[in-house]
Amino acid sequence: MLTYDVAHEWITRWDRQQEGYLPDREERFIALVDAVEAAGRPDPLVLDLGCGPGSLAARILERLPEARVVAVDADPLLLGLGRAAYPDPRLRFVSLDLRVPGWSDLLGLDGPADAVVSTTALHWISPQDIAKVYAEVATVLRPGGLLLNGDHLETDDTTPVLARLERVVHDREAERRFAGNRPEDWRQWWDAVAADPDFAELNTERATAGADHHGSESPLLSTHVDALLDAGFVEVGCLWQRGHNRLLCAVRA
């Protein structure tokens, strides 16, 4: 069983490897939590979709101590890390696959959410399924509530020259930030987890669940914008951006 200290060590290492792909990851977190805070409630109910080990949820609760977060993921190992690292009554981890319709009915919410957030997660979902996810998100958000999705979102289908320049801006920032000394990558982190006996039980659960990811299925910004508009969101746009790293925001009608 994972201890609190071991879980925190591995989440710190997780955050570091994520920064290798997102040198301005913390800036995007700050912008996202700013938006949740500015939405007007000191005690918002927030859904965190594809929460991983809870990095975003922890930052929301640190800034907004009266908030409640329901964090959703399908990966049993990442959920196990989050539960061990954040034993907080304000934070509840739920194991659900967003690609299975009806997931919102299993959340046990006591009212509509004020914000639904996600970072570096929803691009794993196909365009067909992401449309269904956003439609279901609209049913659990209060009127005027926010959907905030931080991710690499591309514009090759609409502005290919700008899309290339956005990737250049992102890559050069990474080069400046790490100066040739990048942290371990995604695969190295997971290989290290697989070799650690503390994760034996969770690794078995993960293998059984088939939770590994394979490639980006919905990388285009237009896919997400169109799906949100079809789901009934009335305003959709980028609230923050550096290169192709964006914070997409949508307002529930």
Taking side-chain contact (heavy atoms from CB on, under 4.5 Å) as the test, write out the residues that go with Ala192, two or more places apart.
-> Trp10, Arg13
Could Arg252 and Asp114 be called an ion pair, given the rule that one side-chain N must be under 4.0 Å from one carboxylate O?
-> no
Those residues at least two apart in sequence (or on a different chain) that pass side-chain contact (heavy atoms from CB on, under 4.5 Å) with Asp105 are none
Near-ring test Tyr21/His170, centroid separation under 6.0 angstrom = no
Using residues 238-245 as the side-chain source, report each donor-acceptor pair under 3.5 Å to any protein atom, sequence neighbours left out, with the distance given to one decimal.
residue: Gln241; atom: OE1; partner: Arg246; partner atom: NH1; Å: 3.3
residue: Gln241; atom: NE2; partner: Glu166; partner atom: OE2; Å: 3.2
residue: Gln241; atom: NE2; partner: Gly243; partner atom: O; Å: 2.9
residue: Arg242; atom: NH2; partner: Glu173; partner atom: OE1; Å: 3.0
residue: His244; atom: ND1; partner: Glu154; partner atom: OE1; Å: 3.3
residue: His244; atom: ND1; partner: Glu154; partner atom: OE2; Å: 2.7
residue: Asn245; atom: OD1; partner: Arg28; partner atom: NH1; Å: 2.5
residue: Asn245; atom: ND2; partner: Asp24; partner atom: OD1; Å: 2.9

Answer yes when Asp185 and Arg187 have at least one side-chain N-carboxylate O distance shorter than 4.0 Å, and no when they do not.
-> no
Using residues 72-80 as the side-chain source, report each donor-acceptor pair under 3.5 Å to any protein atom, sequence neighbours left out, with the distance given to one decimal.
residue: Asp73; atom: OD1; partner: Asp75; partner atom: N; Å: 2.9
residue: Asp73; atom: OD2; partner: Cys51; partner atom: N; Å: 3.2
residue: Asp73; atom: OD2; partner: Gly52; partner atom: N; Å: 2.8
residue: Asp75; atom: OD1; partner: Leu77; partner atom: N; Å: 2.9
residue: Asp75; atom: OD1; partner: Leu78; partner atom: N; Å: 3.3
residue: Asp75; atom: OD1; partner: Arg206; partner atom: NE; Å: 3.1
residue: Asp75; atom: OD2; partner: Arg206; partner atom: NE; Å: 2.6
residue: Asp75; atom: OD2; partner: Arg206; partner atom: NH2; Å: 3.0

Qualifying residues under side-chain contact (heavy atoms from CB on, under 4.5 Å), relative to Arg25, sequence neighbours excluded | Trp14, Asp15, Gln18, Glu19, Leu22, Phe29, Ser55, Arg59
Test salt bridge (charged side-chain N to carboxylate O under 4.0 Å, His left out) on Arg92 and Asp48 and set out the steps.
-> CA-CA 10 Å; Arg92 180 163 55 91; Asp48 182 2; over 6 Å; no
Report the C-alpha separation of Ile130 and Thr223 in whole Å, then their side-chain angles, then the decisive distance to 0.1 Å, and conclude whether the side chain to side chain contact (heavy atoms under 4.5 Å, CB included) test is met.
-> CA-CA 9 Å; Ile130 201 65; Thr223 297; 4.2 Å; yes
Under a 4.5 Å cut-off applied to non-hydrogen side-chain atoms, are Trp103 and Val94 in contact?
-> no
Min side-chain heavy-atom separation Asn149-Leu247 under 4.5 Å = no
Do Leu91 and Phe93 touch side chain to side chain, with heavy atoms closer than 4.5 Å?
-> yes
Asp156 bridged to Arg164 by N-O distance under 4.0 Å | no
Contact check, side chains of Tyr86 and Leu61, non-hydrogen atoms, under 4.5 Å | no
Note, Leu64 side chain near Val36 side chain (heavy atom, < 4.5 Å) = yes
Specify the closest pair of heavy atoms between Ala121 and Asp151, including all atoms of both residues, with the distance to one decimal.
-> N-OD2, 3.6 Å
Within-4.5 Å side-chain heavy-atom neighbours: Leu248 and Val225 | yes
Intermediate values then yes/no, side chain to side chain contact (heavy atoms under 4.5 Å, CB included), Val117 and Ile60 | CA-CA 10 Å; Val117 302; Ile60 291 171; 4.1 Å; yes
Residue set satisfying ring pair (Phe, Tyr, Trp, His ring centres under 6.0 Å) with His224, at least two apart, ordered chain then number -> Tyr134
Might you point out which heavy atoms bring Ala194 and Asn203 nearest each other, and give the distance in Å?
-> CA-ND2, 3.5 Å
Start with the C-alpha distance between Leu2 and Asp198, add both sets of side-chain angles, then the distance that settles side chain to side chain contact (heavy atoms under 4.5 Å, CB included), and finish with yes or no.
-> CA-CA 6 Å; Leu2 287 176; Asp198 285 334; 4.1 Å; yes
